[in-house]
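For reference, the structure is listed below as structure tokens.
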Amino acid sequence: MPSPFRTPSAATGNPPWSPFVVRKDEIEAEIDRLAAEGEPGRRTSLIVHPQAPAHLPSLAPSVRVALNVALPGEATPVQRTNATSVGFVLQGEATVRCGDQTIVAARHDVWNVPSWRSTSVENRGTTPCVWLSYSNAPLLEALAVHVHQEPPDDDALIRSDVTPAPRADEGGNRTSPYGVFPLDGSEAHLMPYERLIAPPVVPSPALHWPWTDVAAHLDKLEALGAEYVGRRLYLLYNPATGRTNGTTTTFFATITRRPPGIVDRPHRHVSAAINYFFHGSGWSIIGGQRYEWAAGDLMLTAPGWMIHGHASNQGDHVYELTIQDQPLHIAIESLLWQEDLGRAPRVLGAEAGFATNREAVGTEGVS
């Protein structure tokens with residue numbers, strides 16, 4: 001048997017995946033194929049980066065993107081998983097049943113699916129429904145802990161032979177009778193097992209961000225003008241994620257409006273970003289190479305720690321949905337971010353972040 005011990009080598013890091021564009025015509029052709037040939041309720045294709053390992057099909061290392069189609073009257077099987085996800089409607093209308101919640105999502109609406117919630121998507125309309133879903137399943141699969149049930153089956157769960165003591169507040173928050181306390185003269189603390197297995201509960205609902213409501217606020221960002229150095233976007237924020245600024249605990253979803261002819265200053269971060277452009281056209285410089293994109297294209301626009309910047313073409317504004325695994329990196333204290341390439345990077349969430357010139361350019365009429 002070979003020895004389990006190895007001599008450590010000098011840390012060289014691992015190269016990021018290359019930028020990758022899936023064009024509108026490719027996506028539309030796959031929608032047509034799924035509608036014609038797919039199995040009802042399971043008309044799904046994964047969108048896979050050419051550098052993804054065969055056992056972890058994904059578009060970025062921690063993000064699995066799926067293209068989904070449901071014809072009128074069809075519904076996906078009811079299932080649940082410990083992965084979390086974000087959905088975005090491209091065509092039609094999706095009725096999302098998530099636990100005891102129901103969300104009716106129209107074109108360009110966004111919703112999130114929390115962990116371990118029985119979920120199904122149904123098309124109650126008269127035209128095909130098409131949506132993208134973004135899941136953190138590759139991350140869980142890399143850790144060998146992705147649990148999936150279809151249909152959900154409580155009897156399949158491992159059950160203990162030990163009968164737990166009754167709890168008056170089962171399912172809610174409670175305070176351990178055994179305290180967390182500091183070691184003398186230290187910031188280091190000790191926590192008892194009773195608190196370890198019963199952490200405070202943060203409710204995690206399925207939320208819905210209707211495009212018509214989001215767009216009304218985005219359009220006001222036009223007032224920031226050409227001198228603004230930030231990005232004209234809103235994060236679709238889920239308060240359950242707290243300081244990690246997420247739509248789910250792994251991803252944020254932002255929607256950006258770029259006025260015509262706007263060129264963002266280059267920056268970089270270790271979090272990976274995937275953009276779906278649904279209006280307008282433009283270009284990006286990523287790792288020193290130029291990439292053109294237009295409405296209907298899906299792109300890995302920010303491979304980890306690669307310098308990048310984006311710009312809109314003259315003549316029309318751009319709308320784009322960005323999925324980025326920033327909340328994950330904040331939670332594990334790995335989010336190196338360099339907003340200004342002339343200054344040192346910072347660990348966002350553990351160090352002070354950056355500021356824009358929003359106050360200087362004025363915010364009248366901007367919410």
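The figures that follow rest on heavy atoms only: side chains count, while hydrogens, waters and symmetry mates do not.
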Open item on the list: Is there a side-chain contact (heavy atoms from CB on, under 4.5 Å) between Asp340 and Phe354? Walk through the geometry before answering.
Closed with: CA-CA 9 Å; Asp340 181 345; Phe354 303 94; 5.7 Å; no

- [ ] Show your working on side-chain hydrogen bond (donor to acceptor under 3.5 Å, both in side chains) between Thr44 and Asn68 and close with a plain yes or no.
- [x] CA-CA 5 Å; Thr44 295; Asn68 309 276; 3.0 Å; yes

Open item on the list: Run the side-chain contact (heavy atoms from CB on, under 4.5 Å) test on Asp316 and His279 for me, step by step, so that the C-alpha distance in whole Å, both residues' side-chain angles and the decisive distance to 0.1 Å come before the verdict.
Closed with: CA-CA 9 Å; Asp316 204 356; His279 192 279; 3.1 Å; yes

Open item on the list: Set out, in order, the CA-CA distance, both residues' side-chain angles and the distance that settles side-chain hydrogen bond (donor to acceptor under 3.5 Å, both in side chains) for Thr322 and Asn275, then state yes or no.
Closed with: CA-CA 4 Å; Thr322 302; Asn275 286 15; 2.9 Å; yes

TODO: Apply the test side-chain contact (heavy atoms from CB on, under 4.5 Å) to residues His267 and His308: give CA-CA distance (whole Å), side-chain angles for both, the deciding distance (0.1 Å), then the verdict.
DONE: CA-CA 6 Å; His267 64 290; His308 59 279; 3.3 Å; yes

Task: Residues Asn313, Ser281; criterion side-chain hydrogen bond (donor to acceptor under 3.5 Å, both in side chains); working and verdict - done: CA-CA 6 Å; Asn313 288 330; Ser281 63; 2.9 Å; yes

Open item on the list: If you apply the rule side-chain contact (heavy atoms from CB on, under 4.5 Å), what do you find for Leu218 with Ile255, and how did you get there?
Closed with: CA-CA 8 Å; Leu218 280 172; Ile255 297 185; 3.3 Å; yes

Task: Verdict with reasoning, Thr127 to Gln91, per side-chain hydrogen bond (donor to acceptor under 3.5 Å, both in side chains) - done: CA-CA 9 Å; Thr127 61; Gln91 301 174 24; over 6 Å; no

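The aromatic ring centroids of His189 and Phe181 lie 6.0 Å or more from each other. Residues Tyr319 and Trp211 place their aromatic rings such that the two centres sit under 6.0 Å apart.
With His269 as the partner, the ring-ring contact (aromatic ring centres under 6.0 Å, His included) test is satisfied by one option alone out of Trp305, Phe252, Trp337: Trp337. Shown are Glu150, His148, His146, Gln149; of these, the side chain to side chain donor-acceptor pair (under 3.5 Å) with Thr81 is made only by His146. Partner of Arg258 under the side chain to side chain donor-acceptor pair (under 3.5 Å) criterion, out of His317, Glu320, His310: Glu320 alone. Trp293 pairs in a ring-ring contact (aromatic ring centres under 6.0 Å, His included) with only one of the listed residues (Phe278, Tyr276, Phe277), which is Phe277.
In this structure, Arg358 contributes its side chain and Ala355 its backbone to no donor-acceptor pair below 3.5 Å. Arg43 contributes a side-chain N or O that, together with a main-chain N or O of Ala35, makes up a donor-acceptor pair within less than 3.5 Å. Checking side-chain atoms of Ser284 against main-chain N and O of Tyr291 turns up no donor-acceptor pair under 3.5 Å. Between the Asp325 side chain and the Ala272 main chain, a donor and an acceptor come within less than 3.5 Å of each other. Looking at Arg243, its side chain does come within 3.5 Å of a backbone N or O of Gly349 through a donor-acceptor pair. With Thr241 contributing its side chain and Gly246 its backbone, the two residues share a donor-acceptor pair below 3.5 Å. Remark: the backbone N or O of Ala253 is paired with a side-chain donor or acceptor of Thr247 at under 3.5 angstrom. Listed for the His55 side chain is no donor-acceptor partner under 3.5 Å among the backbone atoms of Pro53. At distances below 3.5 Å, not a single donor-acceptor pair connects side-chain atoms of Arg64 with backbone N or O atoms of Ser133. Side-chain atoms of Asn82 come within 3.5 Å of backbone N or O of Val147 as a donor-acceptor pair.
Using a 4.5 Å cut-off on side-chain heavy atoms (C-beta onward), Arg117 and Ser204 make contact. A 4.5 Å side-chain heavy-atom check between Glu141 and Ser58 finds every atom pair outside the cut-off. Side-chain contact between Asn123 and Pro72: present, with at least one pair of heavy atoms (C-beta onward) separated by less than 4.5 Å. Between Ser62 and Asn136 there is no side-chain heavy-atom pair separated by less than 4.5 Å. In this structure, the side chains of Ile103 and Cys98 stay at 4.5 Å or more apart for every pair of heavy atoms. Between Tyr234 and Thr254 there is no side-chain heavy-atom pair separated by less than 4.5 Å. Pro205 has its side chain out of reach of Pro114: every pair of non-hydrogen atoms, C-beta onward, lies at least 4.5 Å apart.
The two atoms that bring Ser271 and Leu335 nearest to each other are OG-CD1, 3.6 Å, heavy atoms only. Between Gly296 and Ile27 the shortest heavy-atom distance is O-CD1, 3.5 Å. When every heavy atom of Pro57 is checked against every heavy atom of Ala52, the shortest pair comes out as CA-CB, 4.5 Å. For the pair Thr244 and Gln326, the tightest heavy-atom approach, listed with the atom from each and the gap, is O-OE1, 4.2 Å. Pairing each heavy atom of Leu236 with each of Trp209, the nearest pair is O-CZ2, 3.5 Å. Pairing each heavy atom of Leu321 with each of Phe88, the nearest pair is CD2-CG, 3.5 Å.
Cluster membership for Tyr134 and Leu34, using ILVMFWY side-chain heavy atoms within less than 4.5 angstrom, is shared. In the hydrophobic cluster analysis, where Ile, Leu, Val, Met, Phe, Trp and Tyr join through side-chain heavy atoms closer than 4.5 angstrom, Leu90 is grouped together with Leu71. In terms of hydrophobic clustering, with Ile, Leu, Val, Met, Phe, Trp and Tyr side chains grouped at heavy-atom distances under 4.5 Å, Val69 and Leu132 are assigned to a common cluster. Linking ILVMFWY side-chain heavy atoms closer than 4.5 Å, directly or via other members, places Met299 and Leu67 in two distinct hydrophobic clusters. No continuous path of hydrophobic side-chain contacts links Val229 to Ile262 [ILVMFWY only; heavy atoms under 4.5 Å].
Note that the CG atom of Leu328 and the OG1 atom of Thr250 stand 5.5 Å from one another [nearest 0.5 Å]. The distance from atom OG1 of Thr119 to atom CD of Gln79, rounded to the nearest 0.5 Å, is 7.5 Å. Here the straight-line distance linking atom OG1 of Thr102 with atom CZ of Arg97 works out to 7.5 Å at 0.5 Å rounding. Rounding to the nearest 0.5 angstrom, the gap separating the CG atom in Leu190 from the CG atom in Leu183 is 4.5 Å. Here the straight-line distance linking atom CD1 of Ile286 with atom OG of Ser18 works out to 10.0 Å at 0.5 Å rounding. Between atom CZ of residue Arg42 and atom CD of residue Glu74 there is a gap of 12.0 Å, rounded to the nearest 0.5 Å.
Residue Glu333 places its CD atom among 12 or fewer non-hydrogen atoms of other residues, nucleotides or ligands, all under 6.0 Å distant. By the 6.0 Å contact criterion, CZ on Arg343 is open, its count of non-hydrogen atoms from other residues, nucleotides or ligands being 12 or less. Surrounding CZ of Arg346 are more than 12 heavy atoms belonging to other residues, nucleotides or ligands, all under 6.0 Å away.
Taking the charged nitrogens against the carboxylate oxygens, Asp297 and Arg23 do have a contact shorter than 4.0 Å, which makes a salt bridge. Checked for salt-bridge contact, Glu339 and Arg231 meet the test: a charged N lies under 4.0 Å from a carboxylate O.
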